[in-house]
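Report on the following structure.
Below, read A as the first sequence line, B as the second, and so on, with proteins coming before strands; counting in each chain starts at 1.
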There are 2 protein chains.
Amino acid sequence: MSTRFFDSTAVAAQLRRSPLFSSLSDATLLDMLSHFRRETWKHGRCVTGSESEQCFHVILSGRMKVGRINPETGRMVTLFLLDQGDAFDVISLLDGKPSPVTLDAKDDLELLSTPVEEARRWIEHHPEFNYGFLPYLGRQMHLLADIAGDLALHDTETRLARLILRYVDTDNSHHSLRLIHDLSHEALGEMIGSVRVVVNRQLQHWQREGIIISHRGKLVVQELDALLKKAMHHSHNAAKKPFSGKSKNHY
Amino acid sequence: MSTRFFDSTAVAAQLRRSPLFSSLSDATLLDMLSHFRRETWKHGRCVTGSESEQCFHVILSGRMKVGRINPETGRMVTLFLLDQGDAFDVISLLDGKPSPVTLDAKDDLELLSTPVEEARRWIEHHPEFNYGFLPYLGRQMHLLADIAGDLALHDTETRLARLILRYVDTDNSHHSLRLIHDLSHEALGEMIGSVRVVVNRQLQHWQREGIIISHRGKLVVQELDALLKKAMHHSHNAAKKPFSGKSKNHY
DNA sequence: GATTTAGTGTAACCCAGGTAGCAGAATTTA
DNA sequence: TAAATTCTGCTACCTGGGTTACACTAAATC
């Protein structure tokens, strides 16, 4: 990690594109930047929660994987795959308690960072920050809830289909992937709470069905709507339960 | 659901005990209450996200289960078990997008409610609310991240042990359970992303080991530290992987 | 260009835990 | 108090997907 000076106005302009900061005035933004220092992380750098002092970070460029680890088995889950304009670790910023996160740089990264107390104080003095911050938190919570729901309710096939669909570039004519295009099967496995072998097995299976083309890390979606079907069609036998029976709805 | 007037000062005093509102001034609190209406829900009332208009709720008394459902299989997960002083649906309050939540009243409930736009506007005018709100969001996110992590990384035995430990009343001499004491095995299953049979199987197993006493919904923890061991000792065979190998940590 | 390292493709194995089903206790409704 | 409904306890069964292992390819590193 290296720390150095930086061109505040340039960085400010860069941050403007992120919804977190887009609504801030020039003055507020520059004031904020004066409290941050710049850092760079090399691709592959991996930090487990305990060993990092509590800092709030903003990503200027590169991707950061935020996840959890089971130290007994060595297995990991990815909770967030953050991109430029994203911030972490938001959770410990909010509640002060350190969370047992695992950070893993998926690229060379440029970051801004500041101690959480500093960030918290700054937010307190600049309530207009919340205009972008609260919706951002909402998106994060939404994502977490989705992950938890998926893990509990859907099988690996469904989860993988959903993962891919979440990142397909529908604008593009040949549906390529944003953000996760170059991830290994291992990394994809972590994103759906599973493992390498399962991801590979599933991709090969879909390939034989003609839904995708997958070879050596290249992944192209061939039949988008077929994949969409897989993303909902979890249970081998849908429409079994006629009615929940639980919904008495008495009041 | 019934709507009626209520004694603002009494309710204000009641809310004061919740960390969400404890730091608000009398004036702010009363102003807030003037925007809310009172509701009551009968135990068992169950609402799926789509059918409720977007409202922000605060619980005055009773428990509310917030979860997700897989309509194909009928299975459900519990994401939050909310108590008095808690608020929902926070997520759609923050990001405006409706989340596919399932609400299920586990008791007769007293609530305050107001349309999300109203709540959002009120928050914007009362930045001091964030003093309690942001830490509250932090706790919620923390919880969600824990659930997702547990689901992906731990087996059902571990998850159930953790659930119980999260709610044991350590003050009490005979370790009884807070909040979940009267839940059915079905409901416990939903809280760990599993099903009734598995919960029962596990409880009986622990009973034979002398760790708990469980019969017909009564559940008493006998050996607290044995349960603690189960809560970490997930993998049948711990300490297998000597070192992650992934942590190159070059920089 | 040779060696090491990281990722991919596949196959054999196996078990945690989910599905289905039933009987008896407890509680609610009629 | 009888009938209906909801819970619990238990069993038998089966499969999704995790573990392990190995050969092969591509890409770094020497």
>> In whole Å, I'd like the distance from the CG atom of B:Leu219 to the P atom of D:dT8.
In response: 11 Å
>> Checking A:His215 now: which residues fulfil side-chain contact (heavy atoms from CB on, under 4.5 Å) with it, not counting sequence neighbours?
In response: none
Run the side-chain donor-acceptor check on residues 218-226 of chain B: report pairs under 3.5 Å with partners two or more places apart or on a different chain.
none

> With sequence neighbours excluded, what pairs up with A:Arg201 under the salt bridge (charged side-chain N to carboxylate O under 4.0 Å, His left out) test?
Replying inline: none
>> Suppose we screen for salt bridge (charged side-chain N to carboxylate O under 4.0 Å, His left out). Which residues come up paired with A:Asp182, at least two apart in sequence or across chains?
In response: A:Arg63
> What is the distance from CH2 of A:Trp206 to C1' of C:dG9, rounded to the nearest Å?
Replying inline: 17 Å
> Roughly, in whole Å, what's the span from CG in B:Leu160 to P in C:dG18?
Replying inline: 12 Å
>> Heavy atoms within less than 4.0 Å of DNA chain D: which residues of residues 191-201 of chain A have one? Give them sorted by number.
In response: A:Ser194, A:Val195, A:Val197, A:Val198, A:Arg201
>> For A:Arg17, give me all partners under side-chain contact (heavy atoms from CB on, under 4.5 Å), at least two apart in sequence or on another chain.
In response: A:Gln14, A:Gln84
>> Please report the distance, rounded to the nearest Å, between CG in B:Asn70 and P in C:dT19.
In response: 10 Å
> B:Ser61: what forms a side-chain hydrogen bond (donor to acceptor under 3.5 Å, both in side chains) with it, not counting sequence neighbours?
Replying inline: B:Glu110
> What heavy-atom pair brings B:Lys106 and B:Ala187 nearest, and what distance separates the two atoms?
Replying inline: NZ-CB, 4.1 Å
> Would you say B:Ser184 reaches D:dC7's phosphate, i.e. side-chain N/O to OP1/OP2 under 4.0 Å?
Replying inline: no
> Just how far, in rounded Å, is C1' of D:dC10 from CG of B:Leu203?
Replying inline: 14 Å
> To the nearest Å, how far apart are B:Lys218 NZ and D:dT8 P?
Replying inline: 10 Å
>> Distance check needed: D:dG17 P versus A:Asp155 CG, whole Å only.
In response: 5 Å
> Considering residues at least two apart in sequence or located in another chain, which fulfil the side-chain contact (heavy atoms from CB on, under 4.5 Å) criterion with A:Arg178?
Replying inline: A:Asp169
>> If I take atom CD in residue B:Glu157 and atom P in nucleotide C:dG17, what distance separates them, rounded to the nearest angstrom?
In response: 8 Å
>> What's the angle between the local helix axes at either end of the helix from C:dG1-D:dC30 to C:dA30-D:dT1, using five pairs per end and rounding to 10 degrees?
In response: 50°
> Taking the nucleotide of DNA chain D with the closest heavy atom to each, which residue, A:Thr156 or B:Gly217, is nearer the 5' end?
Replying inline: B:Gly217
Side-chain donor-acceptor distances from residues 139-153 of chain A under 3.5 Å, at least two apart:
residue, atom, partner, partner atom, Å
A:His142, ND1, B:Asp95, OD2, 3.1
A:Asp146, OD1, B:Arg68, NH1, 2.4
A:Asp146, OD1, B:Arg68, NH2, 3.4
A:Asp150, OD1, A:Arg162, NH1, 2.8

>> Test of understanding: with side-chain hydrogen bond (donor to acceptor under 3.5 Å, both in side chains), list the residues that count as partners of B:Ser113, not counting sequence neighbours.
In response: B:Glu39
> With a 3.5 Å cut-off and no angle check, do the side chains of A:Asp108 and A:Thr40 form a donor-acceptor pair?
Replying inline: no
At a cut-off of 3.5 Å, list every protein nitrogen or oxygen paired with a nitrogen or oxygen from nucleotides 23-26 of chain C, distance to 0.1 Å.
residue, atom, partner, partner atom, Å
C:dG24, N2, B:Arg216, NH2, 3.3

